[in-house]
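Data first, discussion second: the structure below is written as structure tokens.
Every chain is numbered from 1 and lettered A, B, ... according to where its sequence line falls, protein lines coming before strand lines.
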2 protein chains.
Amino acid sequence: MKLSDRKKQILKIVVNDYIKTAQPVSSKQISDKYMTDLSSATVRAELAQLEELGYLTHVHTSSGRVPSKDAYKLYVDELMSRGKLTVKELSFIKEQFRKQTSDIESVVKNTVKIISELTDYTSLAYSTMSKEDKILNVKIFRFKPTVALLLIVTENTLIRDKVIRIPEDMTDEEVENANEIINRMFTGKSFGEVLTYSDKIESEFIEFREIFERIIEVLEDYVSSSSGSLFLEGEDKIMNHPEYSDVEKVKNFLSVVNSKEKVVDLLGENKNNIEISIKIGSEDDSIPKDCSLVTASYSAGGVNIGSYGVIGPIRMDYQKVVSVLEGVGKILEEMLKDE
Amino acid sequence: MKLSDRKKQILKIVVNDYIKTAQPVSSKQISDKYMTDLSSATVRAELAQLEELGYLTHVHTSSGRVPSKDAYKLYVDELMSRGKLTVKELSFIKEQFRKQTSDIESVVKNTVKIISELTDYTSLAYSTMSKEDKILNVKIFRFKPTVALLLIVTENTLIRDKVIRIPEDMTDEEVENANEIINRMFTGKSFGEVLTYSDKIESEFIEFREIFERIIEVLEDYVSSSSGSLFLEGEDKIMNHPEYSDVEKVKNFLSVVNSKEKVVDLLGENKNNIEISIKIGSEDDSIPKDCSLVTASYSAGGVNIGSYGVIGPIRMDYQKVVSVLEGVGKILEEMLKDE
DNA sequence: ATTAGCACTCGGCTTTTTAGAGTGCTAACA
DNA sequence: TGTTAGCACTCTAAAAAGCCGAGTGCTAAT
């Protein structure tokens, strides 16, 4: 059934008001505050029908209406007016980004912080570590007889470094040598490729076997499912919202959000959308019960390299969140383009 | 006034029981469960006197006794029996550490995790970035025309890396050159020294001015008060304890614990003690209200390079916490010695 | 010094009461 | 036919009242 314009208008009012106040909204309020030309009785009739259609719920016989998940969905798809960031917010974002140094990691880290700050929700980002990412350069930097730092630079400007052990009896030249050979072998290849051929390659360089193994280990580690960097900010922000006035719920929320695997699961899904994606409630049940997730993804050089977003109660200020994500996203893309 | 042995014994019972149950403990419970040779009336008399002396409080006229801060202090200083870790726990620790790779950062990170896991409290660690730490080696690794990775290896085996920008028109040789000169200048010097002389040095190398400035920036950044790495684990564990059944309190706790500056403040203090230090309640008021902090410090090569510990409610299982910190500490020291 | 006994206190729980906000329905109205 | 005033009804949230019992403090006896 198609909703009349008036029904839509009323539904929008209900959702807006409920998002703002977290209180069930009554017919009288609507008629008084938003639709002075209509009596509460008329509104009441409309509300009853909207409820019939599944967009509203009654907490109990008396006491106003609360939006259902369907209502939220309709709201974000059709009803919600797209907000713009205020000048103040925009300049705050720019201000924050200005302090920024170069590497992607810290840019993303900062982004997450800004988003959480601006929206007052828990915010998260995930940098994909894709198997397709091509290796540009591998550098073994030995800074102690038995210890070296392994640097891997990839196409997506991702740098990974990790400490590895070096056999003590290797001379610096040998290490240098190994490095060069490895570089020749790896450069231009993707993580995936390198790992696939690792057995074959390995046999060719028995002399550097040990170093080689370490490196492969590191690579495997990076590609392994839950790798990639995860950034989380404002986990505690959830407590600023009345639906989480109960410690049990907070605990549950945090246990999900603090589990890297689960979060990666959440964020991993919307690969291709540059668009903002909104998941409401247990529309998909990986999200913690009664939560919504709003995400976008960012890319460098046209390739999707991660996603970022906000997680919070279903009664979320979608308008604000979307505008913040859009605003920040634009600036973020610019920053990454520079690299 | 000196406490009789019996009073001490009773006080110990009260603290132990209260730590375990979080419930005020009554004279009857004591007489029934712990001192069957004494009647509740006698115990009652003793309790009354202990209260007189300030070790116990009455929540209200009826309903049992609760330890005061003084009681906790006495408890940890004299009364508490030192616990040993169970075999199970010990093997758990070793198991966890076995997976460990080399670098300090991840060892410490792992340590924090283990502690939090084992104690069920929020656990934290802080790696000092001291001005006295001497620079062993500086390496500029240019992996893109305008971008380089700056590595700084220090005496305490700390490695810091950071991405810096390089002027595009510098040739690789020039960068190499700059690197060498900088290395000569910096090696053997402490952060503090380098920063002090930075003005003077700078004038000598106008040609490399830009790189030089970047490096100084990075150094400054590291030395700046809130630098050093902070590790936090199990922030949510606080909610497992009944005194934090109120969201407001949790919020307050988290707001302190999530603020890097504040935590660094907390941990920064007990520099010299290898010993375990226990701070109860607002004995010192930097700690979040009604919290206790148990810390120890770790060192490498005899130098103190950080501290780690546990933060939680005053009603904390000190015995368990201390034994875990000691146990983990020993293994940690060993691991770090290997480096 | 210890203990049994008893009166007394007071928090926490359950129950009752009350007030008011909101609905649904109906009948009247434009 | 859509809108509205009016009213009975429902249900919650908050306050008030009542009850239970755990625990204490004190006293008098052992």
Side-chain angles (χ1 to χ4, degrees), chain A residues 1-11 13-15 17-18 20-68 71 242-243 245-246, chain B residues 1-11 13-15 17-18 20-68 71 242-243 245-246:
Chain A
M1 177 214 180
K2 199 146 174 346
L3 293 175
S4 71
D5 280 356
R6 195 169 73 183
K7 281 207 179 55
K8 284 188 186 172
Q9 198 190 346
I10 290 179
L11 188 55
I13 290 171
V14 173
V15 177
D17 196 270
Y18 186 66
K20 203 160 70 190
T21 66
Q23 295 298 324
V25 3
S26 78
S27 56
K28 186 146 184 310
Q29 282 176 55
I30 296 178
S31 131
D32 282 2
K33 275 197 281 177
Y34 303 100
M35 308 189 89
T36 34
D37 52 332
L38 245 44
S39 81
S40 69
T42 316
V43 175
R44 208 141 56 228
E46 293 283 56
L47 289 178
Q49 290 182 46
L50 280 167
E51 179 161 3
E52 192 89 356
L53 295 167
Y55 290 112
L56 296 176
T57 344
H58 248 171
V59 170
H60 57 270
T61 356
S62 89
S63 202
R65 301 309 210 290
V66 167
S68 70
E243 30 272 275
S245 60
D246 176 13
Chain B
M1 177 213 179
K2 200 149 170 348
L3 294 176
S4 72
D5 279 357
R6 195 169 72 182
K7 281 208 180 51
K8 284 187 186 172
Q9 197 190 346
I10 290 180
L11 188 54
I13 290 172
V14 173
V15 177
D17 196 271
Y18 186 67
K20 202 161 69 187
T21 66
Q23 295 298 324
V25 3
S26 76
S27 56
K28 187 148 183 310
Q29 281 175 56
I30 297 178
S31 130
D32 283 1
K33 275 197 283 176
Y34 304 99
M35 309 190 87
T36 35
D37 52 331
L38 246 44
S39 82
S40 68
T42 316
V43 175
R44 208 141 57 226
E46 293 282 57
L47 289 177
Q49 291 182 46
L50 280 167
E51 179 160 2
E52 193 88 357
L53 294 166
Y55 290 112
L56 297 177
T57 344
H58 249 170
V59 170
H60 57 270
T61 356
S62 89
S63 202
R65 302 307 210 290
V66 167
S68 70
E243 30 272 275
S245 60
D246 176 13

Rounded to whole angstrom units, what separation is found between the CG atom of B:L56 and the C1' atom of D:dT24?
14 Å
Between atom CD in B:E46 and atom P in C:dA1, what is the gap in whole Å?
11 Å
Numerically ordered, the residues 28-35 of chain A set in heavy-atom contact under 4.0 Å with DNA chain C is A:Q29
With heavy-atom distances below 4.5 Å as the criterion, would you say the side chains of A:R6 and A:T42 are in contact?
yes
Residue pair B:L38/A:S26 against DNA chain C: nearer the 5' end by closest nucleotide is B:L38
Please state how far atom CG in A:D37 lies from atom P in C:dA30, giving the value in whole angstrom units.
18 Å
For atom NZ of A:K33, decide whether the heavy atoms of other residues, nucleotides or ligands shown that lie under 6.0 angstrom number more than 12.
yes
So, OP1 or OP2 of C:dT23: does either fall under 4.0 Å of a side-chain N or O from A:S27?
yes
Check the surroundings of atom NZ in A:K8: do more than 12 heavy atoms from other residues, nucleotides or ligands lie under 6.0 Å from it?
yes
Spacing between A:R6 atom CZ and D:dG2 atom P, to the nearest angstrom
9 Å
B:H60 NE2 - D:dG23 P separation (whole Å):
9 Å
Reckon A:T42 touches a base, only the sugar-phosphate, or nothing at all at heavy-atom distances under 4.0 Å?
base
Gap between atoms CD and P, on A:Q23 and D:dA13 respectively (whole Å):
10 Å
Hey, are the side chains of A:I13 and A:V25 touching, using non-hydrogen atoms and a 4.5 Å cut-off?
no
At what distance, to the nearest 0.5 angstrom, does OG of B:S27 lie from CE of B:M35?
12.5 Å
Give one of base, sugar-phosphate or nothing for B:S40, where a contact means two heavy atoms less than 4.0 Å apart.
nothing
Would B:Y55 and B:V14 count as a side-chain contact (heavy atoms from CB on, under 4.5 Å) here? Give the steps.
CA-CA 10 Å; B:Y55 290 112; B:V14 173; over 6 Å; no
Of the candidates D:dT4, D:dA22, D:dT10, the side chain of B:S62 sits closest to D:dA22
Rounded to whole Å, CD1 of B:I10 lies from P of C:dA1 at a distance of 15 Å
Between CG of A:L47 and CG of A:L11, what distance do you get to the nearest 0.5 Å?
9.5 Å
Within the sub-3.5 Å range, which N or O atoms of nucleotides 25-30 of chain D have a protein N or O partner, and how far apart are they?
unit_1, atom_1, unit_2, atom_2, d
D:dG25, OP1, B:R65, NH2, 3.2
D:dG25, OP2, B:R65, NH2, 3.4
D:dG25, N7, B:R44, NE, 3.2
D:dG25, O6, B:R44, NH2, 3.2

Rounding to 0.5 Å, atoms CD1 (A:I10) and OG (A:S4) come to a distance of 7.5 Å
For the pair A:S31 (side chain) and A:L38 (backbone), establish whether a donor and an acceptor sit closer than 3.5 Å, ignoring hydrogens and angles.
yes
